[in-house]
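Contents: one structure, followed by commentary.
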Amino acid sequence: MITDPPAFLRRLFDRAVEVADPMRSLAQHLPPRPAGRVVVVGAGKASARMAEAVEAAWGPCDGLVLTRYGYGRPCQGIEIVEAAHPVPDAAGQAATARMLELLEGLGEGDFVLALISGGASALLVAPSHDVTLAEKQAVNAALLASGAPIDRMNTVRKHLSRVKGGQLAAAAYPARMLTLMISDVPGDDPAFIGSGPTVGDATTPADAMAILTRWQIAVPGSVQAALQNGSSVVPPGDPRLSRVTNRIYAAPVQSLNAAAAIAAEAGCEVRLLGDALEGEAREVAAAQAQEALRIKAALRPGDAPVLLLSGGELTVTRRGDGIGGPNAEYALALAIALNAAPGIHAIACDTDGVDGAAEVAGAVISPETLARAQAAALDPAAALARNDAHTFFAGIGGQVVTGPTLTNVNDFRAILIAP
């Protein structure tokens, strides 16, 4: 019997994060240290931890890795630079320029190890044409608020960049390059992990403009001009990509499977709803609430508890001025849809420890969530309407706060249904 459902769900989430820790998993995917010059570059919320794991295996290395503020790690030779995420800043722009300079002049006998994880799209900043940093920041913020799926956002980011969409790899040519990636994108397409800085891309600037139109994102004239004048995104098959090997070594399904194993040992019947779910957080929550209620109605005394697991990347279309994120909004919408149904608990967290722009991983809910809100004079429906889920859960003690997890395999959602 699971006597403390919230603690049990938190244990599942912690295990999902643990198995994606680069210090536990990266070394086995490294080749022996190559002879000659080795340069390590990278970007993402897990990249500093990845660099730390590389030096634990290879010893001190030359290089530069860019990560989110607060996500730095001590390294022996690799320089770690912290910058802003999810909206880029000048520190990221300056570090990206230095990273590109570091790759200039490399020869066929040199070796580049690239470490890419989620967050690299915002951290690697090199605006194309005459686009300014401020304009790039505005476009990025508008994309984040639009509700557009991550692959569409990254398409726009690529065509407004001099480093994404294979361009980092092109800068290192003719050196050999191995890119190790932690996937945080539905479907694990390497072209969209961190906007694929070492992966060729077949999309066009016209595709990027169509996305801006589809999601009604107004952009300054310089951005329109940049897209009309073409981009330097590297197409698949370009000779400059011929010496690159891209390898995903950690992905969401591994973390979900690790959590599932613990749940099965505890006597749960585990049902995996998918590791690549997308969609509006509140809409996915409503659908999963209906599934949970259907399962609950069919359970009989003595039946095993049922655990619904899912991953992927949900989105939020900003309608209000609250403080929220996809996981907290999902949890709030789920609590409303479940309407205090007995025996159903849930957790929804981002494995990087940051849900939206808040330093909160996500939230837990229980049959008592709505009663606690009433006692705290909080209106769940009003909080949902203004995208204020983090404030809501802070008011009832439902937040999950982890601090930097130093990895990122996207969302983790678990619904526990007791008979």
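Keep in mind the model is a prediction, meaning the values are calculated, not measured.
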- Query: Would Glu280 and Thr317 satisfy side-chain hydrogen bond (donor to acceptor under 3.5 Å, both in side chains), going step by step from the backbone distance to the final call?
  - Reply: CA-CA 7 Å; Glu280 276 285 329; Thr317 300; 2.3 Å; yes

- Side-chain contact, heavy-atom cut-off 4.5 Å: Tyr71 with Val354? yes

- When rounded to the nearest 0.5 angstrom, what is the spacing between CG in Leu293 and CG in Asn339? 9.0 Å

- With a 3.5 Å cut-off and no angle check, do the side chains of Asp89 and Tyr69 form a donor-acceptor pair? yes

- Message: Under a 4.0 Å threshold between the charged nitrogen and the carboxylate oxygen, would Glu101 count as salt-bridged to Arg98?
- Response: no

- Query: Measuring from Leu124:CG to Arg157:CZ, what's the distance to the nearest 0.5 Å?
  - Reply: 11.0 Å

- State which residues pass salt bridge (Lys or Arg N to Asp or Glu O under 4.0 Å) with Arg214; sequence neighbours excluded, sorted by chain then number. none

- Candidate pair Arg413 and Asn327, rule side-chain hydrogen bond (donor to acceptor under 3.5 Å, both in side chains), full reasoning: CA-CA 8 Å; Arg413 293 177 295 273; Asn327 288 282; 4.6 Å; no

- Item | Exercise: identify the closest heavy-atom pair between Val400 and Val360 | O-CG1, 3.4 Å

- Message: Using the rule given for side chain to side chain contact (heavy atoms under 4.5 Å, CB included), can you reason through Gln399 versus Phe392, listing the C-alpha separation, both sets of side-chain angles and the distance that settles it, and then say yes or no?
- Response: CA-CA 9 Å; Gln399 290 184 317; Phe392 174 86; over 6 Å; no

- Note on the structure: side-chain contact (heavy atoms from CB on, under 4.5 Å) test vs Met177 passes for just one of Leu106, Leu113, Val244, Val39, namely Val244

- Query: Is any side-chain heavy atom of Pro252 less than 4.5 Å from a side-chain heavy atom of Asp188?
  - Reply: yes

- Message: Quick check on Leu241: does its CG atom have over 12 non-hydrogen neighbours (other residues, nucleotides or ligands) under 6.0 Å away?
- Response: yes

- Return yes if some donor-acceptor pair links the side-chain N/O of Glu55 with the main-chain N/O of Gly77 below 3.5 Å, else return no. yes

- Message: Tell me whether His129 contacts the main-chain N or O of Gly230 through its side chain, where contact means a donor paired with an acceptor under 3.5 Å.
- Response: yes

- Asp189/Asp151 under side chain to side chain contact (heavy atoms under 4.5 Å, CB included): CA gap, chis, key distance, verdict: CA-CA 9 Å; Asp189 185 341; Asp151 59 341; over 6 Å; no

- What's the shortest heavy-atom distance between Ala328 and Phe393, and which atoms? O-CE1, 3.4 Å

- Message: Using a 3.5 Å distance criterion without hydrogens, assess whether the side chain of Ser117 forms a donor-acceptor pair with backbone atoms of Lys45.
- Response: yes

- Mark yes when over 12 heavy atoms from residues, nucleotides or ligands other than Gln216 sit less than 6.0 Å from its CD; otherwise mark no. no

- Message: Could you tell me if Ser232 and Gln167 have a donor-acceptor pair between their side chains, going purely by distance under 3.5 Å?
- Response: yes

Which donor-acceptor pairs under 3.5 Å do side chains of residues 200-209 form with protein atoms, sequence neighbours excluded?
| from | atom 1 | to | atom 2 | distance (Å) |
| --- | --- | --- | --- | --- |
| Asp201 | OD1 | Thr203 | N | 2.7 |
| Asp201 | OD1 | Thr203 | OG1 | 2.3 |
| Asp201 | OD2 | Lys158 | NZ | 2.5 |
| Thr203 | OG1 | His159 | NE2 | 2.8 |
| Thr204 | OG1 | Ala206 | N | 3.3 |
| Thr204 | OG1 | Asp207 | N | 3.1 |
| Thr204 | OG1 | Asp207 | OD2 | 3.2 |
| Asp207 | OD2 | Thr204 | N | 2.9 |

- Item | Ring-face cation contact, Phe111 with Arg37, 6.0 Å cut, 45° max | no

- Task: For the residue pair Trp58 and Pro31, establish whether any side-chain heavy-atom pair is separated by less than 4.5 Å.
- Result: yes

- Query: Does a sphere of radius 6.0 Å around CG in Asp4 hold more than 12 heavy atoms from other residues, nucleotides or ligands, not counting ones at 6.0 Å or beyond?
  - Reply: yes

- Item | Exercise: identify the closest heavy-atom pair between Ala57 and Leu30 | CB-CD1, 3.8 Å

- Rounded to the nearest 0.5 Å, how far does CD1 of Ile262 lie from SG of Cys268? 11.0 Å

- Item | Arg68 and Glu359 ion-paired at < 4.0 Å | yes

- Task: Compare all side-chain heavy atoms of Leu64 with those of Ile78 and state whether any distance is below 4.5 angstrom.
- Result: no

- Task: Indicate the atoms forming the closest heavy-atom contact of Asp130 with Ser222, along with that distance.
- Result: O-CB, 4.3 Å

- Task: Report the residues that fulfil side-chain hydrogen bond (donor to acceptor under 3.5 Å, both in side chains) with Glu52, sequence neighbours left out, ordered by chain and then residue number.
- Result: Arg49, Arg73

- Message: Counting C-beta onward and ignoring hydrogens, is there a side-chain heavy-atom pair between Gln224 and Val219 closer than 4.5 Å?
- Response: yes

- Query: Would one find more than 12 heavy atoms of other residues, nucleotides or ligands at under 6.0 Å from atom CZ of Arg11?
  - Reply: no

- Message: So Leu307 and Arg271, do their side chains get closer than 4.5 Å, heavy atoms only?
- Response: no

- Query: Got a donor-acceptor contact below 3.5 angstrom from the Asp275 side chain to the Gly311 backbone?
  - Reply: no

- Item | With Arg247 via side-chain hydrogen bond (donor to acceptor under 3.5 Å, both in side chains) - residues at least two apart | none

- Query: Looking at residues at least two apart in the chain, or sitting in another chain, which of them share a side-chain hydrogen bond (donor to acceptor under 3.5 Å, both in side chains) with Thr391?
  - Reply: Asp388

- Query: Does the side chain of Gln137 reach to within under 4.5 Å of the side chain of Asn140, using non-hydrogen atoms?
  - Reply: no

- Shortest non-hydrogen separation from Tyr330 to Ala285 and the atoms involved: O-CB, 3.3 Å

- Item | Exceeds 12 heavy-atom contacts within 6.0 angstrom, atom CD of Gln374 | no

- Message: What verdict does the side chain to side chain contact (heavy atoms under 4.5 Å, CB included) test give for Leu308 and Ile417, after you've listed the backbone C-alpha separation in whole Å, the side-chain angles of each residue and the deciding distance to 0.1 Å?
- Response: CA-CA 8 Å; Leu308 304 180; Ile417 308 161; 4.0 Å; yes

- Before giving the answer on side-chain hydrogen bond (donor to acceptor under 3.5 Å, both in side chains), spell out for Asn246 and Thr179 the whole-Å C-alpha distance, their side-chain angles and the decisive distance to 0.1 Å. CA-CA 5 Å; Asn246 292 298; Thr179 304; 3.3 Å; yes

- Item | Backbone N/O of Asp238 and side chain of Ser242: donor-acceptor pair under 3.5 Å | no

- Query: Hey, mind stepping through Cys61 and Arg33 against side chain to side chain contact (heavy atoms under 4.5 Å, CB included) and telling me if it holds?
  - Reply: CA-CA 10 Å; Cys61 297; Arg33 180 168 179 159; 3.8 Å; yes

- Message: Is any side-chain heavy atom of Ser195 closer than 4.5 Å to one of Ser161?
- Response: no

- Output yes when Glu18 and Arg24 qualify as a salt bridge under the 4.0 Å nitrogen-oxygen rule, no when they do not. yes

- Taking all non-hydrogen atoms of both residues into account, name the closest pair between Met153 and Leu143 and its distance. SD-O, 3.4 Å

- Message: Going by the rule salt bridge (Lys or Arg N to Asp or Glu O under 4.0 Å), which residues pair with Arg282 if we only count those two or more places apart in sequence or in a different chain?
- Response: Glu329

- Query: Okay, side chain of Thr198, backbone of Ala169: is any donor-acceptor separation there less than 3.5 Å?
  - Reply: no

- Message: For a salt bridge (Lys or Arg N to Asp or Glu O under 4.0 Å) check, start with the C-alpha distance between Glu108 and Arg176, then their side-chain angles and the critical distance, and finish with the verdict.
- Response: CA-CA 7 Å; Glu108 292 186 4; Arg176 289 184 298 129; over 6 Å; no

